[in-house]
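Here the structure comes first, spelled out in structure tokens, and everything after it is commentary.
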Number of protein chains: 2
Amino acid sequence: MTVRRLSVYFRCLAQLEEDGVRTISSQELAARFHLNSAQVRKDLAYFGEFGIRGIGYDTANLRAEIQRILGLDREWRVVLVGFGNLGSALFHYRGFARQGFRIAAIVDDDPAKVGRAVNGLAILALAELPRVVKSQAIQIGVVAVPAEAAQAVADRLVAAGVRAILNFAPSRVKVPKDVRLQNVDLSIELENLSFHLGQAPR
Amino acid sequence: MTVRRLSVYFRCLAQLEEDGVRTISSQELAARFHLNSAQVRKDLAYFGEFGIRGIGYDTANLRAEIQRILGLDREWRVVLVGFGNLGSALFHYRGFARQGFRIAAIVDDDPAKVGRAVNGLAILALAELPRVVKSQAIQIGVVAVPAEAAQAVADRLVAAGVRAILNFAPSRVKVPKDVRLQNVDLSIELENLSFHLGQAPR
DNA sequence: TAGATTGTTAATCGATTAACAATC
DNA sequence: TAGATTGTTAATCGATTAACAATC
């Protein structure tokens, strides 16, 4: 939950920095998100003393600190598994690169796709996974395959040695607990929307 | 938060029903998600008395009740705005239909795309939005355009009369508070992953 | 009736907020 | 020094969990 808020602060600070705002108080920062200023201070103080009493926070400095805390100051090397509609959309999604996620390899089990190149990056066979994870020093596997194939792909990614999996398939997968798993489950978002629409009057 | 858990119960119950399990206790249900049985009972009791003391919950009945609560027993009519990589991926994503989200129209501002048909559904010009929302009785707008265009698209959707917006663009948009907004922000998921990887030892 | 399990009340825990001494 | 704002401790609030009477 704190990380979620740090993400929000980060983007806000980046914007403020662009706008030429040099310092900002917890009060002002909180007001932008309907949050409490004590919460902002507590979130930040947890990671260190970044503020100056009587003044507030140096915008650029705080932005840099949060960037470092979130690990956004470094590059994460990613293998994209599955180059269907979703995989292709993710590959072209600029937000990935913006956050330091570098797609260093693509694999797919469809022989018709293997060998093709997108933006100069060749699509490799699934069997190449262990070799490419090692040679490309890949840390993260992105699963963009159909639900029924997700677990098998996750298993192969873990065996190949990735440290984290970002799962876009609409199914839960299980991984050893030393591997970080992040599910991006669209179903839950849809159900949330559906529920709240159902509650509304009309 | 409760809705999130209801979603999880729902999928679990659907699975149990398929497996032929007739009744399940809060204890058993909780065990599957490392939750507390009191929490399961409380979540469910909030919406009504669905259980039978001494027995547990009827799997099929509870599944149906949650389905109704989540609004998954009805169809939601959707307009997809933007048919780039992301829009195309969402259009072909089977989870949408599975949850009752029926894409009834597609609009895009690229003249090269307007007029094309996908699976028999024509891509319309952005200017058609007010007309199509009305004629197709559309309740939900899905925003799948670049970040810089998201706010303008959201405004047009609201003006056209949708009741909810599902925003996939990597930017926050503002809508009147009688319109339900759900952001699917991949950036936050990436930052979460990045943060936790950064904390891990190696 | 005895055993099991619900729905709900009371106790606990953690997260949010208020208040304030420290200090720029 | 006076005013402002931090970092942090204490108070509050809400959500989770334990306990149990109701009841199948």
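These numbers come from the heavy atoms of this one structure, side chains and all, not from hydrogens, waters or symmetry mates. In what follows, chains are A, B, ... by sequence order, proteins preceding strands, each numbered from 1.
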Discussion item. Whether Arg11(B) and Asp185(A) form a salt bridge (side-chain N of Lys/Arg under 4.0 Å from carboxylate O of Asp/Glu) is what I want to check.
Written reply: yes
Item to complete: Taking atom CZ of Arg68(A) as the centre, report whether more than 12 heavy atoms of other residues, nucleotides or ligands fall under 6.0 Å from it.
Response: yes
Worksheet item: Which base sits across from dA22(C) as a Watson-Crick or G-U pair, both distances under 3.5 Å?
Response: dT5(D)
Practice prompt. Tell me which of Gln39(A) and Ile52(B) sits closer to the 5' end of DNA chain C, going by the nucleotide each one is nearest to.
Written response: Ile52(B)
Fill in: dA15(C) pairs with, by Watson-Crick or G-U criteria that keep both distances under 3.5 Å
dT12(D)
Practice prompt. Please work out if Gln27(A) contacts a base, only the sugar-phosphate, or nothing of the nucleic acid, heavy-atom cut-off 4.0 Å.
Written response: nothing
Practice prompt. Indicate, with a heavy-atom threshold strictly under 4.0 Å, whether Tyr46(A) touches base, sugar-phosphate, or nothing.
Written response: nothing
Practice prompt. Would you indicate what Ser37(A) reaches in the nucleic acid, counting non-hydrogen atoms under 4.0 angstrom: base, sugar-phosphate, or nothing?
Written response: nothing
Discussion item. I'd like the 5' and 3' limits of the part of DNA chain D contacted by chain A, with heavy-atom contacts below 4.0 Å.
Written reply: dA4(D) to dA10(D)
Discussion item. Can you tell me how the ring of Phe47(A) sits relative to the ring of Phe195(B), calling it parallel under 30°, perpendicular over 60° and tilted otherwise?
Written reply: perpendicular
Discussion item. Contact between Leu72(A) and Glu191(B) at the side-chain level, heavy atoms closer than 4.5 Å - yes or no?
Written reply: yes
Worksheet, complete the sentence: Assert: residue with more 5' nearest nucleotide on DNA chain D, out of Gly54(B) and Leu44(A), is Leu44(A)
Worksheet, complete the sentence: One should read off an interatomic distance between Asp110(B) CG and Phe83(B) CZ, to the nearest 0.5 angstrom, of 12.0 Å
Discussion item. Here's a test of your reading of the structure: between Leu35(A) and Ile55(A), which maps to the more 5' nucleotide of DNA chain C?
Written reply: Leu35(A)
Item to complete: Evaluate the ring planes of Tyr9(A) and Phe33(A), with Trp represented by its six-membered ring, and classify them as parallel (under 30°), tilted (30 to 60°) or perpendicular (over 60°).
Response: tilted
